[in-house]
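Quick notes on the structure that follows.
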There are 2 protein chains.
Amino acid sequence: MDDTLALASFLALSNATRLKILKCLVSAGTDGMLAGDVALAADATPSRASFHLANLQETGMITSTRKSRHISYAVNYDAVGELMKYLLQDCCQNNETVRMCCTSSECC
Amino acid sequence: MDDTLALASFLALSNATRLKILKCLVSAGTDGMLAGDVALAADATPSRASFHLANLQETGMITSTRKSRHISYAVNYDAVGELMKYLLQDCCQNNETVRMCCTSSECC
DNA sequence: CTTTCATTTCAAGAATCATTGAAATATAAG
DNA sequence: CTTATATTTCAATGATTCTTGAAATGAAAG
């Protein structure tokens, strides 16, 4: 991952509404979630949800597929993983302490 | 880690100068780096470097210790690890794909 | 105690980002 | 073809963040 995408991804994660949306989509699973439902779940107007969904999609962390009149959004775990990898390896030079936080569910 | 700290940490990482500073401090090792040297390395004015160092310190990802007239900054890997953990566990519900990106140096 | 050096703080302006509501687009149904 | 539904786009405003340079602080040396 290049620095520009990493910066954009961190910026995307730095907004409360977008973080909420990401968590919703994780909970929704592989089927994803319709834009309207995301707006309801995130307590945002359709316009606002759309804005933040587009922002997240620009970073690659979520994807969208149209389903007739609706649009379904889903998490792209590969992209999130790439960001984790960037933080661990490119930023922290694969530091042991940082890496240990992710090697088991019981950590830190 | 609570959401507020996570949001502030992601915001801190979303700035090019701050990301550069963090990488410098990682390279500097446990001894850390003097504020003035950070400014030089990050190609920023002392004032600007100080602003970004303070911002990073607020998130806990770096620490400072005064050494006579100088102030030395160093990375706090525990805090960075906590953020990784938040992203992996709290956001991604410990998703396998995301976790795999951090379990070995050869991954993704 | 004065000076010097390293760093921070502050205020102002510039830049970026977020919110709002209305209008536009796309798809399907009658 | 017209209407209804779902979503996005747009422009304007508001809010937050960043940069800059000058002044203030803190610590050591003469």
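Proteins get letters first, then strands, A, B, ... in listed order; numbering begins at 1 in each. What's counted below: heavy atoms across the whole structure, side chains too, no hydrogens, waters or symmetry copies.
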Nucleotide [N], atom [atom2] - distance to [atom1] of [X] in whole Å:
X: Phe10(A); N: dT16(C); atom1: CZ; atom2: P; value: 21 Å
X: Leu19(B); N: dC18(D); atom1: CG; atom2: P; value: 13 Å
X: Leu34(B); N: dA28(D); atom1: CG; atom2: P; value: 14 Å
X: Leu56(A); N: dC17(C); atom1: CG; atom2: C1'; value: 14 Å
X: Leu40(A); N: dA6(D); atom1: CG; atom2: P; value: 11 Å
X: Asn55(B); N: dT19(D); atom1: CG; atom2: C1'; value: 14 Å
X: Ile21(A); N: dT7(D); atom1: CD1; atom2: C1'; value: 14 Å
X: Arg48(B); N: dT9(C); atom1: CZ; atom2: P; value: 18 Å

Please determine if a side-chain N or O atom of [X] lies less than 4.0 Å away from the OP1 or OP2 oxygen of [N].
X: His52(B); N: dC18(D); value: no
X: Arg66(B); N: dA6(C); value: no
X: Asn15(A); N: dA18(C); value: yes
X: Tyr73(A); N: dA6(D); value: no
X: His70(B); N: dT7(C); value: yes

| query | Which residue lies toward the 5' end of DNA chain C, Phe51(A) or Arg69(A), if each is placed at its nearest nucleotide? | reply | Phe51(A)

Smallest separation among heavy atoms of [X] and [Y], with atom names:
X: Glu82(B); Y: Cys101(A); result: N-SG, 4.1 Å
X: Asp90(A); Y: Lys23(B); result: O-CE, 4.0 Å
X: Ser27(B); Y: Gln93(A); result: OG-NE2, 3.0 Å

| So which nucleotide from dC17(C), dT19(D), dT19(C) ends up closest to the side chain of Leu11(A)? |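 Of all the options, the side chain of Leu11(A) is nearest to dC17(C).
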
| field | Donor-acceptor pair (no angle test) under 3.5 Å: Ser47(B) side chain, dT19(D) base | value |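 No, no donor-acceptor pair under 3.5 Å.
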
| dT19(C) base / Thr45(A) side chain donor-acceptor hit below 3.5 Å |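 There is none.
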
| said: Go nucleotide by nucleotide along DNA chain D from the 5' end; which of Ile71(A) and Lys67(B) gets its closest nucleotide reached first? | reply: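 Looking at DNA chain D, the more 5' nearest nucleotide goes with Ile71(A).
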
| said: How about CG on Asp43(A), more than 12 heavy atoms from neighbouring residues, nucleotides or ligands closer than 6.0 Å, or not? | reply: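 Incorrect, the count does not exceed 12.
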
| At under 4.0 Å between heavy atoms, what does Ser50(B) touch on the DNA or RNA strands: base, sugar-phosphate, or nothing? |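 Answer is base: heavy atoms of Ser50(B) come under 4.0 Å of a base.
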
| task | Give a yes or no answer on whether the side chain of Asn76(A) reaches the backbone of Thr63(A) with a donor-acceptor pair at less than 3.5 Å. | result |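 Flag not set: sc Asn76(A) to bb Thr63(A) has no pair under 3.5 Å.
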
